[in-house]
Amino acid sequence: MLRCLSLTAEKDTEKIADIQRYAEYIDAVEVRLDLCEAKTPEMVGSVVAASRHAGCGTVVVSYRRPQDTADGSPGDWDRRREDLRRGVLRRVLQPGVTCVDLEYDVTDDELREKAESLGIRMIRSVHDFTGIPGRLPEIVRSIAAAGDIPKVACSPQSSRQVLDLVRMCVEVRDVEEKIILGMGAFGFFTRTAPWICGSMLTFVSAGEKKAAPGHIGPRELEEVYGTSRHGKDTVLFGIIGNPVMHTRSPHLHNRWFADDGIDAVYLPFHVDEVGSFMELAETIGVRGFSVTVPHKQRIMDYLTSADEGVRRIGACNTAVRRRDGWHGTNTDLEGFLEPLRDLLAEGRIRRALVIGAGGAARTVVYALRQQGIGVTIVNRTVEKARELADEMGAGWARPEAAGNAVGTPFDLVVQTTSVGMEPDIEGDPLPLLKFSGSEIVYDIIYAPEKTRFLTRAEESGCRVIGGRRMLHAQAELQYTMFRDSCNLWA
Ligand code: NAP
């Protein structure tokens, strides 16, 4: 499996420098002539020389038409420009070039002849920026039958289309040499784990400009996803959410797998519909996954068993495949309690105020009630506070009742709303609340590391706890479950 750097730097000299800079992370280089200042044999010659020097054995030459790029449309692309483009492609072919990429819908006998005379393979490409080609297996087979390498870069728009794409790839798994990649958030995992679609190559871009939607940098591909170390025997884990691309969880889990010498990878799956993802998980053999917003409740419909905490809270953040089906756990529960363990053991917490009544608050209130702590809930939508309080045997109050000039009567204040979270970091969920300085104040938001609410509490003399500790603790628990599941199936 090749990691191919698409050269996207603005200046041609920078493109050459990028090959050297990322040498240890790449096996192939793509010269996109449409992105080059000089579309000349000399430019391609420089790339060939730099690639050889960097130890990259594969050089791909392409020259995209506007309609084959993410932000381009045919515009004034006419016969004259097309002739010029093909002329350039023919002219730059030279020894050292491994493949030339020509779109599937055009033919060019002269280009083919020249490529063949130099021993250069032809990649025949299809780009679809609005969906997935329904005829994908047929296209792949017809290209392969001609002795060329099929390349399909498409844009699944839903979890259902992702599933369709993967199923089509299964149909053509006997075609060994092919490149099939899903662009954008839905297709992201096909770039970081390209063997899932049977791809022999995945593309990366250096710097700000990306050659196609969903490209990541060469260093990230290797250091976060370890793509060169993995293949079809690698055990799959991941996280489902919408949105999910911002998650840092792959950084943690993949590092832990690498440290433990386990051939497994943890991937972000952008999911709009849980049912289709569950079919995908069965198709590609996902062994376990984290669940984030907004799927923590929905996932429960697909579990065959679940911990008591999951059933009581009504939310699951971890699913692990057992022989008899999916088992659900909620590691947020233990993760939330972890920073409080010593304080709980010392009996320092008797009364707690919980701000918020959303999904995370359910876990927090349940965890505190399990510890025998008296809880009062305040929430913008008072009705939700009342409902949660009734369900969990807690009290509730209106936000306006939280204003108290002499400080709160609580040992612990837990902030569980999304107010103050990046990017709106100025927000304060309960400005009326005045701290006495003796409270322990815990904000479960992890980005930023210290919210405005926590800063205010700290300035009042309170001991504060940020959300990162919970995040890490719950992730460590998930990791333990994932790692153990590898042993279970081994
Ligand atoms: P959620 O289910 O959508 O609940 C959001 C809560 O925030 C509700 O109580 C909502 O009140 C309140 N809220 C939203 N906007 C508000 C505003 N402008 N003013 C006052 N209250 C407002 O979300 P969630 O899943 O509980 O997540 C909440 C936060 O917890 C997020 O920041 C998330 O990142 C964090 N979290 C952290 C961890 C961790 O490991 N550290 C784990 C899970 C969650 P209404 O009911 O009135 O809408």
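Just so you know, ligand 1 is whichever comes first in the structure, and atom 1 is the first atom listed for that ligand. Start at 1 with the first residue, then count along the sequence.
- Protein heavy atom nearest atom 4 (O) of ligand 1, with residue, atom name and distance: Gly358 CA, 3.4 Å.
- Nearest to atom 9 (O) of ligand 1 among the protein's heavy atoms is Asn379 OD1, 2.8 Å.
- In this structure, Asp259 has no salt bridge (Lys or Arg N to Asp or Glu O under 4.0 Å) partners at least two apart in sequence or on a different chain.
- The distance criterion of under 3.5 Å between nitrogen or oxygen atoms is not met by Gly356 with respect to ligand 1.
- Remark: minimum distance from atom 28 (C) of ligand 1 to any protein heavy atom is reached at Thr416 O, 3.1 Å.
- For the atom pair CZ of Arg483 and CE of Met481, the computed distance is 11.5 Å after rounding to the nearest 0.5 Å.
- Using a 4.5 Å heavy-atom cutoff, the side chains of Trp396 and Asn379 are not in contact.
- Considering both main-chain and side-chain atoms, Gln474 never comes within under 3.5 Å of ligand 1 through any nitrogen or oxygen pair.
- Neither the backbone nor the side chain of Thr363 comes within contact range of ligand 1; no heavy atom lies under 4.0 Å.
- Asp68 contributes atom CG, which lies 10.5 Å from atom CG of Asp128 (distance to the nearest 0.5 angstrom).
- Regarding atom 24 (P) of ligand 1, its nearest protein heavy-atom neighbour is Ala360 N, 3.8 Å.
- For atom 43 (C) of ligand 1, the nearest protein heavy atom (residue, atom name, distance) is Lys296 NZ, 4.0 Å.
- For the pair Lys384 and ligand 1, the shortest N or O to N or O distance falls below 3.5 Å.
- Atom 12 (C) of ligand 1 has its nearest heavy-atom neighbour, among Thr417, Ile445, Leu388, Asn317, in Thr417.
- No option in Tyr302, Trp326, Tyr266 other than Trp326 meets the ring-ring contact (aromatic ring centres under 6.0 Å, His included) test with Phe289.
- A distance-only check finds a donor-acceptor pair linking the side chain of Arg452 to the backbone of Glu426 [under 3.5 Å].
- Where the criterion is an N or O separation shorter than 3.5 Å, residue side chain and backbone included, Ile444 meets it with respect to ligand 1.
- For the atom pair CD of Gln415 and OG1 of Thr451, the computed distance is 6.5 Å after rounding to the nearest 0.5 Å.
- Of the N or O atoms in Thr381, one or more lie within a sub-3.5 Å distance of an N or O in ligand 1.
- The residue from Ser418, Gly359, Gly467 that puts a heavy atom closest to atom 5 (C) of ligand 1 is Ser418.
- Which of Arg362, Arg468, Arg380 comes nearest to atom 15 (N) of ligand 1 through a heavy atom is settled by distance: it is Arg380.
- Across Pro339 and Arg469, no two heavy atoms sit closer than the pair CA-NH2, 3.4 Å.
- For the atom pair His230 NE2 and Leu267 CG, the distance stands at 8.5 Å (nearest 0.5 Å).
- A side-chain donor-acceptor contact under 3.5 Å links Glu439 to the backbone of Ser436.
- Only the backbone of Ala357 comes within 4.0 Å of ligand 1, counting heavy atoms alone; no side-chain atom from C-beta on gets that close.
- Protein heavy atom at the shortest distance from atom 42 (C) of ligand 1 is Met470 CE, 3.7 Å.
- Interface atoms of ligand 1 facing Val419, defined by a heavy-atom separation under 4.0 Å, are 15 (N), 16 (C), 17 (C), 18 (N), 19 (N), 20 (C), 21 (N), 22 (C).
- Of the protein's heavy atoms, Met421 SD, 2.9 Å lies nearest to atom 32 (O) of ligand 1.
- Ser125 contributes no side-chain N or O that, together with a main-chain N or O of Asp101, makes up a donor-acceptor pair within less than 3.5 Å.
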